[in-house]
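Below is one structure, written out as structure tokens; comments come after it.
All values below come from the heavy atoms of this structure, side chains included, with hydrogens, waters and symmetry mates left out. As the structure lists them, so they are numbered: ligands from 1, and atoms in each ligand from 1.
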Amino acid sequence: MPLIKIYPKITHIILIMKFLHSGKVKDVYELGDGNLLFRFSDRVSAYDVKFKDNISRKGEVLCKFAEFWFNQLSVPNHFVCLEGKDKMIVKKMRMIPIECIVRGYFYGSLIQRWQEGKTLLAENVDTRMAAKLPEPIFDPTTKSATHDLPISKEQVLNQNLVTEEEYEWLEKTTIEIYKKMSSITNSAGYILADLKLEFGKHNGDMLLGDSIGPDEYRLWPKDSYEVGRVQEAYDKQLLRDWLTENGYQKQFEDDRKAGKELIAPSIPIELREKMSMRYIESYQRITGNTL
Ligand SMILES: Nc1ncnc2c1ncn2[C@@H]1O[C@H](COP(=O)(O)OP(=O)(O)O)[C@@H](O)[C@H]1O
Ligand SMILES: [Mg+2]
């Protein structure tokens, strides 16, 4: 069906769409026909903190990356069509209330959880920072508006979030998608360290939903990858590292524990420009398309 004809211009959409939700990055609108419109903004967040400064063209990159991945993956998904450079129409679904995370490398919050004895790993796992895991692991979290927490299979099943059969399908499918995406990023010179996916139900079918792009994964350039240290920062990781180096990450943790409001520092213009370039560069290298 030529949906694009129903919504030929954003001015038309405004007339028939209802604002639903403004997330960290996306603004979500409901269209009158059972579909949603995602508008990808240039907003940026890290460590669950929203920043006031924008990263120019980030929304466009995220939107086109999502389109690229939905087209590459054979798993049924909610994508309908693009609507302009930073907007996408998707089928409205009932979302599965877990974030499906897969990790291919020993990195990020997994290290801290393992050090604190909260996560058990097999004997043969190399626990040097950024070492490749023998096999990718499925490591889901809760889906929270503020701070997602790891959740075990038992907890997922006890809370009736999904059935056991669905859990097993989500685990298998998330890992398969990670492997497929890894092989594509690998050919473009990047390691896909980890990935977050969301699924939902549409007319009884389980579909891949939400968006897939740099906010959903960590990419490391292969040529500077080295086990045992922090990896060269790509796109959002640049901001995370700047926050850590300047003490803001610790400040956020302390303020969160103390129940204080978290205050985002302003991001220096040079860092914003560098981030913008990196978003564009990774898109062009991985997809082979220009923006
Ligand atoms: N097809 C869909 N139908 C309904 N809700 C969806 C669909 N795809 C994604 N969502 C939900 O839309 C919301 C997007 O908002 P949010 O995650 O807060 O935005 P952001 O990713 O910008 O932070 C999420 O709760 C996500 O689960
Ligand atoms: Mg989200």
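- In the hydrophobic clustering, where aliphatic and aromatic side chains (Ile, Leu, Val, Met, Phe, Trp, Tyr) are joined below 4.5 Å either directly or transitively, M95 groups with M93, L207.
- Ring pair F68/F65 is perpendicular by interplanar angle, where above 60° counts as perpendicular and below 30° as parallel.
- In terms of modelled atom types and a separation under 3.5 Å, the side chain of R43 and the main chain of G23 share a donor-acceptor contact.
- Taken to the nearest 0.5 Å, the CZ atom of R256 stands 5.5 Å off from the NE2 atom of H147.
- Judged purely by distance below 3.5 Å, without hydrogens or angles, the side chains of T244 and Y47 pair a donor atom with an acceptor atom.
- Listed by chain and residue number, the protein contacts of ligand 1 are H21, G23, K24, V25, K26, L36, F38, H78, V90, K91, K92, M93, M95, K143, E198, D210 (heavy atom within 4.0 angstrom).
- For Y178 and F138, the gap between ring centers reaches or exceeds 6.0 Å.
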